[in-house]
Amino acid sequence: MSLRTFLSRPLPRILAILALFAAVAGTAVTTQVVTATKAHADGCYNWSRPLSQGTSGEDVRQLQIRIAGYPGYGAHLAIDGVFGPGTKAALTRFQSAYGLGADGVAGTATYTKLYSLQDDDCTPIHFAYTELDDVCGGSGYDGGPLSEAATKSNALRTMWQLEALRHALGDQPLNISSGFRSIPCNAQVGGASNSEHLYGRSADLTGVHSFCKMAQQARNHGFGGILGPGYPDHNDHTHLDIRTSNFWSAPNCGI
């Protein structure tokens, strides 16, 4: 359209055309802004594919670490990188616990929730390596029977199961009174020579909940060791550990 023809049109038509051009231009700008928005990038780990029964790999193992607190009563989830029936059942419970579509398939909604639950060092947001380290007889996670890396790996798994327990108990704090102990520290406090504390697999809890309530609920979250009131020297805390065979004793709590 020539400028002469355009200017010869009635003023209302000209204004309408100009408004249309403005709307189209605005849409183009908006589209560019949306396209330029970056996808979420997690500081710890990013999953790049949906996971379901039959898949395997490191991404499955990373998922298992985070849902190991949902295996069902008295059960334990293997952290083996193989997505079998146990992983599907645990994932379904995790999804249900957080109000997600409970289909046992890890996709965008599941990953978004996991990203929101972890810090950049892969620990769950309500726990930290420093909380699970007694700082007694060593520095960090050295001084135990295992390498520092292996002990720290156990501590990470312990914390994710504690996160599941914390959520089940209404997202109220769980206070850790004793976690990893070096060999000298364990001897100093009179711990058993084969204590799970030596391996980073254990936490003694105090907090806003009763010791019995924590011990009773822990049976649903993959803890093989549960010791509490009525068991010798455990009337002032609840001991939990992630051994894969069950040794539960808290007689005053009906366990």
Side-chain angles (χ1 to χ4, degrees), residues 37-127 129 146-147 149-169 171 196 199-202 217-226 240-248:
T37 301
K38 292 183 178 180
H40 173 82
D42 189 71
C44 166
Y45 187 83
N46 283 280
W47 287 269
S48 59
R49 60 170 178 160
L51 297 175
S52 58
Q53 189 166 333
T55 56
S56 62
E58 177 60 17
D59 49 1
V60 174
R61 194 182 76 85
Q62 291 290 336
L63 175 67
Q64 289 170 330
I65 290 171
R66 290 154 179 78
I67 63 172
Y70 295 90
Y73 183 91
H76 308 277
L77 180 63
I79 313 298
D80 58 6
V82 178
F83 198 127
T87 300
K88 181 177 181 179
L91 177 56
T92 301
R93 292 187 187 94
F94 169 84
Q95 291 169 328
S96 179
Y98 283 99
L100 307 177
D103 57 3
V105 176
T108 300
T110 296
Y111 298 145
T112 298
K113 174 51 66 175
L114 289 173
Y115 295 146
S116 75
L117 288 174
Q118 67 184 14
D119 288 324
D120 284 352
D121 64 353
C122 300
T123 58
I125 55 175
H126 298 108
F127 298 93
Y129 284 116
L146 304 179
S147 70
T151 305
K152 208 170 179 182
S153 177
N154 286 337
L156 181 65
R157 291 175 55 184
T158 301
M159 284 186 277
W160 276 103
Q161 290 183 215
L162 289 173
E163 183 71 25
L165 175 63
R166 185 186 191 279
H167 183 60
L169 290 172
D171 287 312
E196 294 292 325
Y199 302 90
R201 294 195 291 248
S202 178
Q217 185 62 43
R219 295 175 294 181
N220 298 308
H221 299 289
F223 291 101
I226 302 175
L240 302 177
D241 65 61
I242 62 170
R243 72 184 79 181
T244 55
S245 58
N246 292 338
F247 178 57
W248 299 348

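Only heavy atoms go into these numbers, but all of them, side chains included; no hydrogens, no water, no symmetry mates. Computed from a prediction, not measured in an experiment: that's the story for all the values here.
Pairs passing the salt bridge (charged side-chain N to carboxylate O under 4.0 Å, His left out) check and including a residue from residues 112-127, sequence neighbours excluded, do not occur. For the disulfide bond (SG atoms under 2.5 Å apart) condition, the pairs that include at least one residue of residues 71-124, sequence neighbours left out, are Cys44-Cys122. Residues in residues 59-69 take part in these side chain to side chain donor-acceptor pair (under 3.5 Å) pairs, two or more places apart or across chains: Arg49-Asp59, Glu58-Arg61, Glu58-Gln62, Gln62-Arg66, Gln64-Asp80, Gln64-Thr87, Arg66-Gln118. The disulfide bond (SG atoms under 2.5 Å apart) contacts involving residues 68-103 comprise nothing, where partners must be two or more places apart or lie in separate chains. Sorted pairs that involve residues 46-117 and meet disulfide bond (SG atoms under 2.5 Å apart), not counting sequence neighbours, are lacking altogether. Each ring pair (Phe, Tyr, Trp, His ring centres under 6.0 Å) pair with one or both residues in residues 72-91, not counting sequence neighbours, appears once here: Tyr73-Trp248.
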Could you tabulate the donor-acceptor pairs under 3.5 Å formed by side-chain atoms of residues 149-157, not counting sequence neighbours?
{"unit_1": "Thr151", "atom_1": "OG1", "unit_2": "Ser147", "atom_2": "O", "d": "2.9"}
{"unit_1": "Asn154", "atom_1": "ND2", "unit_2": "Tyr199", "atom_2": "O", "d": "2.9"}

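Tyr45 places none of its side-chain heavy atoms less than 4.5 Å from the side chain of Leu114.
One distance of note links OG1 of Thr123 with CH2 of Trp160; it measures 8.0 Å at 0.5 Å rounding. Here the CD1 atom belonging to Ile242 is positioned 9.0 Å from the CG atom belonging to Leu162, to the nearest 0.5 angstrom. Atom CD of residue Gln161 and atom CD1 of residue Ile67 lie 11.0 Å apart, to the nearest 0.5 angstrom. With rounding to the nearest 0.5 angstrom, the CZ atom of Phe94 is 13.0 Å from the CG atom of Leu77. Interatomic distance, Thr108 OG1 to Leu100 CG, rounded to the nearest 0.5 Å: 11.5 Å.
Here the shortest heavy-atom pairing between Ala168 and Gln217 reads CB-NE2, 3.7 Å. Of all heavy-atom pairs spanning Ala218 and Leu165, the tightest one is N-CD1, 3.9 Å. Considering every non-hydrogen atom in both Val105 and Ser52, the closest pair reads CG2-CB, 4.0 Å.
The ring-ring contact (aromatic ring centres under 6.0 Å, His included) test applied to His126 returns no partner, not counting sequence neighbours. With sequence neighbours excluded, the residues that form a ring-ring contact (aromatic ring centres under 6.0 Å, His included) with Tyr111 are Trp47. Checked against side-chain contact (heavy atoms from CB on, under 4.5 Å), Glu196 has the following partners two or more places apart in sequence or in another chain: Arg201, Ser202, Asp241, Arg243. Residues forming a side chain to side chain donor-acceptor pair (under 3.5 Å) with Gln95 (at least two apart in sequence, or on another chain): Asp103, Thr110.
The main-chain N or O of Pro124 is never found under 3.5 Å from a side-chain atom of Glu163 such that the two would form a donor-acceptor pair. Of the possible polar contacts, one joining the Thr158 side chain to the Gly200 backbone as a donor-acceptor pair under 3.5 Å is found.
Under the 30°/60° scheme for interplanar angles, the aromatic rings of His221 and Tyr70 are found to stand perpendicular.
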